[in-house]
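Okay, structure first, notes after.
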Amino acid sequence: MEKRKVTEAGADKSATKELLARRFSVLGSHSPLFYDEPLHLVRGEGVWLWDAAGRRYLDVYNNVPHVGHCHPRVVEALTRQAGTLNIHTRYLHDNVVEYAERLTAKFDNSLSMAMLTCTGSEANEVALRMARHCTGGQGIIVTDFAYHGNTEAVSELGTGFMPEAKTTRRVRSFPVPDSYNTPSGVVPESLADHYAQAVKDAIDAFEADGIKFAGLLICPDFANEGLVNVPEGFMTKALAHVRSAGGLFIADEVQGGFGRTGRHWWSHQWYGEVPDIVTLGKPMGNGHPIAGVVARADLIDEFGDWAMYFNTFGGNPVSCAAAMAVLDVLEEEQLLENAVNIGAYVASGLRQLQSKHSVIGDVRDKGLFFGVELVRDRASKEPATEETARLVNAMRQQGVLISRIGRHDNVLKMRPPMPFNREHADLLLATLGECLDQL
Ligand SMILES: Cc1ncc(COP(=O)(O)O)c(C=O)c1O
């Protein structure tokens, strides 16, 4: 029996190796893969994933299967609608209207209209076109370690990752408003002013270049930037500069939206600020590709008067059925409350690990979104980049999936599906503790 198991595992390993070779040859070696030993996944359920050898992994990384992998409610809604009708939005259908009504009802009253797309990149592309058209400007400000998607125009915003960002004149950046890695000589009480002034400087630099300012586009969680803690008051001060220069506030909620951060449905609400345009994606359809823009009605009207926007797949009845089922599950299973409660439990466990392991420089948490910054020395904050890579791979070998992010790739990034419970949290914390002991 045992021998058979070993043989089957061996066969699975060689099948995985063969799949990897075929993937490299047909998708190219630049098609990214997680982990030194890539995972060959075959099944998911709730917060669990299974590989080809039948091994189970706790998913503490994937925010797209928001209400849990293959949630039966979403699967049922998708299959029922797929067996009834799927068609684009140039015909009348209840789903797109009902979904847009339910979605916009979750925003401030001023954000009363929606446009649906398939990806977060498309949503940001629409937001850019809308902001540029409605302000008559071209200049967009982002952080200096941003990623907002992969179309040509959106790649210009990718200051952390994309070559286009280096050459464009219509995008300027300001330093990530980080309260942990701070500029030398700036006291904590002045940080908010310091970073807000950097936004103002970017606005002024556009003006000096003869480029009219259009808006500030940020992820309110600064997720790709390392889920930094923003200095208190920064957002209000920065937005005052943006608004007095006639710019718009575009909140990219593609990662943190739909209640991940627990206290609110949308991450911009943490700051008490209302954006002009919000972009959405990833968790919206629990893995089904649906994304979109929610914005002020006057902006959507003005944009629509200028350019016809049609998206063949965006807002189709099947996508909207999936997205509606996601809202149902979030509400019925009270998953925002769960994010608050379990999020606090995980964060407290992470802080206990921090008190034991000096490599943990900073623990940041917002609901079920965690960033743990690893440093070689707590005083110098030298990034522990190699150690972070080792830790992420060790966790994978121990059956817990996390990843890393940030300018130096030294921030553990954890965003589990929302039905994460105490038992899952205990497994995560115990495994992380063991892997830290062996680091
Ligand atoms: C903050 C943010 N915005 C936008 C996107 C782009 O979304 P998509 O990959 O669906 O185009 C991403 C993707 O990682 C993202 O992290």
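All values derive from a computational prediction rather than experimental measurement. As the structure lists them, so they are numbered: ligands from 1, and atoms in each ligand from 1.
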Going by salt bridge (Lys or Arg N to Asp or Glu O under 4.0 Å), name the residues that satisfy it together with [X], two or more places apart in sequence or in a different chain.
| X | result |
| --- | --- |
| E333 | none |
| E125 | none |
| K106 | E331 |

- For residues H148 and C219, report the shortest heavy-atom separation together with the two atoms involved. CE1-N, 3.8 Å
- Message: As a test of reading the model: which residues have a non-hydrogen atom less than 4.0 Å away from ligand 1?
- Response: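 Contacting ligand 1 under 4.0 Å are T119, G120, S121, N124, Y147, H148, G149, N224, D252, V254, Q255, K282.
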- Taking atom types as modelled and ignoring hydrogens, do the side chains of T151 and E122 form a donor-acceptor contact shorter than 3.5 angstrom? no
- Message: We want to know whether S121 and N150 form a side-chain donor-acceptor pair, criterion being a heavy-atom distance below 3.5 angstrom.
- Response: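 There is such a pair between these side chains.
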